[in-house]
4 protein chains.
Amino acid sequence: MILSLDLDSEVPIYLQIRDRIVEAIASGELAEGSSLPSTRQLAVDLGINFHTVNKAYDLLRQEGLLRINRKSGALVQRDARTGPPEPGFTDEWETRLRTLLAEAVAHGVDHPAVLGSCAAVLTSFTPTAPTAQGADHGAEQGDSAS
Amino acid sequence: MILSLDLDSEVPIYLQIRDRIVEAIASGELAEGSSLPSTRQLAVDLGINFHTVNKAYDLLRQEGLLRINRKSGALVQRDARTGPPEPGFTDEWETRLRTLLAEAVAHGVDHPAVLGSCAAVLTSFTPTAPTAQGADHGAEQGDSAS
Amino acid sequence: MILSLDLDSEVPIYLQIRDRIVEAIASGELAEGSSLPSTRQLAVDLGINFHTVNKAYDLLRQEGLLRINRKSGALVQRDARTGPPEPGFTDEWETRLRTLLAEAVAHGVDHPAVLGSCAAVLTSFTPTAPTAQGADHGAEQGDSAS
Amino acid sequence: MILSLDLDSEVPIYLQIRDRIVEAIASGELAEGSSLPSTRQLAVDLGINFHTVNKAYDLLRQEGLLRINRKSGALVQRDARTGPPEPGFTDEWETRLRTLLAEAVAHGVDHPAVLGSCAAVLTSFTPTAPTAQGADHGAEQGDSAS
DNA sequence: GTGGTCTAGACCACA
DNA sequence: GTGGTCTAGACCACC
């Protein structure tokens, strides 16, 4: 559980931690029930204050992705396969998606390229069985562009 | 040039202004060369401090989307048709895209649904089918450009 | 003596145990003189550390609801019928009641609805209508006492 | 806006602040749209650290009772007359109500007395027009006890 | 002016 | 050992 942080970024550290964990959950690297390092431990590993880690964990808890336990620390609460999102999540999320995609389009990335980037990111979340291991029939994305 | 702002949002006002303008550019509503209202005018229209508008315009200038002349005010500097993005844009943008898509996946939105949302957003930007390409019945905006 | 605990709750486990026992006493399920399982036994049943059970029992003892003998274990010390509360109890309790009811009112529950909830909770405690008083068809528990 | 705190209480300070504000909202002392003192100001007034006030305000924000604004500070977001609570609120609240009422019953307070306390608390939330001032037709609660 | 972030260190509650 | 609370002071972002 080592996260790479950029202490000079304008993105707050606690948000970087949160983002990396969200991505790890999306990619399946952290499955439901997985345990995360304790706040103090992770703070030491990252060379930051434990309050900062605390804030990241608390944010993830509020988002429903983590559950915090006095005994066993932080556990991953949900997962890609836990079920559909809570109502209200999608609307707010699509607003942010719209802004982000608009940014690329305004900068001259054409629609198929944008959609290709989205598809590429999504495939990067599925292991796609690097070894001969069963290759779980993933959706075929990427050819809907163009 | 009427923007809808949410003064109670956790998103800073200057960022909301910037976001709305970026979306207007992406949708073709604001084409290259279009002029924006003066900072003071827009500030009055929105009922906010003109420094806030100034900050939004300056951010857009830094991003290469606006150019600001002392005499002609703010003009849209670039466009979906202007050409490919500056080098360095895409990498940073894809990092943010990755985080945003991860959020949806972690909350249980499956990959096809995510890709569908991306496609839906893009079609909502489509400026009335500039090329003969199928022109999926989107809203018809954008004929004020050129 | 089976208690349902939520190990992931933000309510400490020892408090959950205490709460469930208080509710059992209020409903008449545990009458004065009833014996509770030993701390070690209950700890095993619940799959938790016996110190946690100990802490719950000790808290109940401090509150005057339990008395603990070295030989006969934990016995219910008092009851709804035992008599009026110790002086000082009511003031502190009403302070907490005030806060709790305020929460509902602030969230838009109107006064009659709040009072209705209070009444409903009380009838759920009713030990099979001890006096002739209307006896609104509640669940029938509590005949194991005396 | 002066709150009375007990620094020696085992109830965390930030929770005491939150409780007092909830009660003020319930009693109508703080109506929707009312502004609260800034975190730093209130911290100075109470002689505590501003982070503690911050935590109380943030908790109220999460509960939907406050909205925080960089410009105008904290404003009361909702009210007794704003509308019904969000779904899910009542269930969790009734669980806590059950525990609290059980405590009184177990200590020997009889049901009518408990209900009377509830009614008394509720009437304390309605001003009941202490001066001749219009006496806004409030709900008639309190006589349903006994 | 406002709130937000980060650091640092102390002490306590829980299991 | 875990997380939770409180304090203290610094710096930054927003308006």
Side-chain angles (χ1 to χ4, degrees), chain A residues 5 7 9-17 35-44 46-59 61 66-75, chain B residues 5 7 9-18 43 46-56 59, chain C residues 5 7 9-17 43 46-56 59, chain D residues 5 7 9-17 35-43 46-59 61 66-75:
Chain A
L5 297 182
L7 299 181
S9 168
E10 54 186 11
V11 179
I13 296 176
Y14 83 97
L15 262 189
Q16 292 185 50
I17 297 173
S35 72
L36 273 64
S38 74
T39 50
R40 268 132 173 131
Q41 184 58 50
L42 184 54
V44 169
L46 297 174
I48 59 176
N49 191 278
F50 90 93
H51 283 121
T52 307
V53 179
N54 223 337
K55 186 160 188 175
Y57 278 18
D58 191 60
L59 178 56
R61 185 187 58 76
L66 242 55
R67 86 174 161 267
I68 312 279
N69 216 317
R70 275 186 194 84
K71 182 175 176 176
S72 41
L75 299 178
Chain B
L5 296 183
L7 298 181
S9 167
E10 56 185 4
V11 180
I13 295 175
Y14 84 98
L15 259 188
Q16 292 184 52
I17 297 173
R18 176 263 187 191
L46 297 175
I48 58 177
N49 193 293
F50 92 96
H51 285 116
T52 306
V53 180
N54 226 334
K55 185 160 188 174
L59 178 55
Chain C
L5 296 182
L7 298 182
S9 168
E10 57 185 5
V11 180
I13 295 176
Y14 84 99
L15 260 189
Q16 293 185 51
I17 296 173
L46 298 173
I48 60 177
N49 193 294
F50 93 97
H51 285 116
T52 306
V53 179
N54 226 335
K55 186 160 188 172
L59 178 55
Chain D
L5 297 182
L7 299 181
S9 167
E10 55 185 8
V11 180
I13 295 175
Y14 83 98
L15 261 188
Q16 292 185 50
I17 297 173
S35 72
L36 274 64
S38 73
T39 50
R40 267 130 172 132
Q41 184 58 50
L42 185 54
L46 297 175
I48 59 176
N49 192 277
F50 90 93
H51 282 121
T52 307
V53 179
N54 222 336
K55 187 160 188 175
Y57 277 19
D58 190 61
L59 178 56
R61 185 188 58 75
L66 241 55
R67 87 175 160 267
I68 312 279
N69 217 318
R70 275 186 193 81
K71 184 177 177 175
S72 41
L75 299 177

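Below, chains carry the letters A, B, ... as their sequence lines are ordered, and counting in each starts from 1. These numbers come from the heavy atoms of this one structure, side chains and all, not from hydrogens, waters or symmetry mates.
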Trainee: If you compare all heavy atoms of B:Gln16 against all heavy atoms of B:Val11, which two are closest, and at what distance to 0.1 Å?
Mentor: NE2-O, 2.9 Å
Trainee: Calculate the interatomic distance between D:Leu15 atom CG and E:dC12 atom P; express it in whole Å.
Mentor: 19 Å
Trainee: Looking at every non-hydrogen atom in both residues, tell me the closest pair between D:Tyr57 and D:Leu36 and how far apart they are.
Mentor: OH-CB, 3.5 Å
Trainee: First and last nucleotide of DNA chain F touching chain D, 5' to 3', heavy-atom cut-off 4.0 Å?
Mentor: F:dT5 to F:dC15
Trainee: Work out which heavy atom in D:Arg70 is nearest to a heavy atom in B:Glu10; give both atom names and the distance.
Mentor: NH1-O, 3.9 Å
Trainee: Can you work out whether D:Tyr14 or A:Lys71 has the more 5'-proximal nearest nucleotide on DNA chain F?
Mentor: A:Lys71
Trainee: Please, what dot-bracket string fits DNA chain F when only Watson-Crick and G-U pairs with both distances under 3.5 Å count, crossing ones use [ ] and pairs to another strand use |?
Mentor: ||||||||||||||.
Trainee: Please examine the side chains of C:Ile13 and C:Asn49, heavy atoms only from C-beta on, and report whether any two atoms are closer than 4.5 Å.
Mentor: no
Trainee: Specify the closest pair of heavy atoms between B:Tyr14 and B:Leu59, including all atoms of both residues, with the distance to one decimal.
Mentor: CE1-CD2, 3.8 Å
Trainee: Whole-Å distance between E:dA13 P and C:Leu59 CG?
Mentor: 13 Å
Trainee: Nearest whole Å is fine: how far is E:dC14 P from C:Leu7 CG?
Mentor: 15 Å
Trainee: Between D:Ser72 and C:Lys55, who's closer to the 5' end of DNA chain E by nearest nucleotide?
Mentor: D:Ser72
Trainee: Within the 4.5 Å heavy-atom criterion, are D:Leu42 and D:Ile48 side-chain neighbours or not?
Mentor: no
Trainee: C:Asn49 near the nucleic acid: base, sugar-phosphate alone, or nothing, with a heavy-atom cut-off under 4.0 Å?
Mentor: nothing
Trainee: Using the closest heavy atom to pick a nucleotide of DNA chain E for each, name whichever of D:Asn69 or C:Val11 lands nearer the 5' end.
Mentor: D:Asn69
Trainee: Of all heavy-atom pairs between D:Leu66 and D:Ala74, which one has the smallest distance, and what is that distance?
Mentor: CD2-CB, 4.1 Å
Trainee: Do the side chains of D:Ile17 and D:Leu46 get nearer than 4.5 Å, heavy atoms only?
Mentor: yes
Trainee: Starting at the 5' end of DNA chain F and moving along, which residue's nearest nucleotide shows up first, B:Ile13 or A:Ser38?
Mentor: A:Ser38
Trainee: Need one value for B:Ile48: base, sugar-phosphate or nothing, where a base atom within 4.0 Å counts as base even if backbone is also close, heavy atoms only.
Mentor: nothing
Trainee: With a 4.0 Å cut-off, would you call A:Asp58 and A:Lys55 a salt bridge?
Mentor: no
